[in-house]
Every structure is written in C-alpha cells, then in structure tokens.
Amino acid sequence: LRDRGDTTVSTLPDQRQLAALAGVPEPIVLEGVATTRDEATQLAAFARRFGWRRVLVVTSLLHSRRACAS
C-alpha cells in the first residue's frame, strides 16, 4: 500500500488476479519485512512448512536481481 495524497494505492487486486490465473486461491502477502532478503527467507520457511518445491514470485524490475539472488 502506498499513500498518494488523498488516495491509497494497492497492488493487492492485481496480485489476486495473477494468483487466480496461476490457480492459487489467494496470494501470500508477507508483512513486516525490512529487506528483500528477509522476505525471501520468510517465504522459504513458509514453502518448506507446506512442502512446496516451487513458488511464483511477482516483483518489479527494480527488485528482480535481488529477488533472484535471494
């Protein structure tokens, strides 16, 4: 969520649409992370807990290099 003056902009509707296209009922949104590495570490723990072997990561071009490195 980002505040833009009187308007709050959220990517959640787009995330839900992408998740639905991938057959996922709801996107996983990790909160309270300070860095891309923190987010990747939390998601890896989540994936291990549920036995996932692959995840679909949606990120911006700005974050792609760090996301892939993590």
Side-chain angles (χ1 to χ4, degrees):
L1 291 172
R2 302 232 193 270
D3 288 324
R4 305 279 186 195
D6 294 337
T7 305
T8 299
V9 178
S10 171
T11 61
L12 195 52
D14 293 328
Q15 292 175 40
R16 285 192 173 121
Q17 183 178 14
L18 287 170
L21 289 170
V24 177
E26 186 71 20
I28 296 166
V29 179
L30 302 174
E31 297 178 357
V33 294
T35 67
T36 303
R37 187 180 183 339
D38 290 344
E39 190 170 31
T41 302
Q42 282 189 25
L43 182 59
F46 190 88
R48 276 192 300 274
R49 190 170 94 204
F50 288 96
W52 297 352
R53 299 184 82 179
R54 291 191 281 175
V55 296
L56 171 69
V57 177
V58 179
T59 186
S60 69
L61 185 57
L62 178 66
H63 295 282
S64 293
R65 184 172 176 211
R66 288 183 300 188
C68 289
S70 297

Rounded to the nearest 0.5 Å, what separation is found between the CD atom of Q17 and the CG atom of L12? 12.0 Å
Which residues share a side chain to side chain donor-acceptor pair (under 3.5 Å) with D38, sequence neighbours left out: T35
Nearest heavy-atom contact between V33 and Q42 is CG1-NE2, 3.3 Å
In this structure, CG of L43 is separated from CH2 of W52 (nearest 0.5 Å) by 7.0 Å
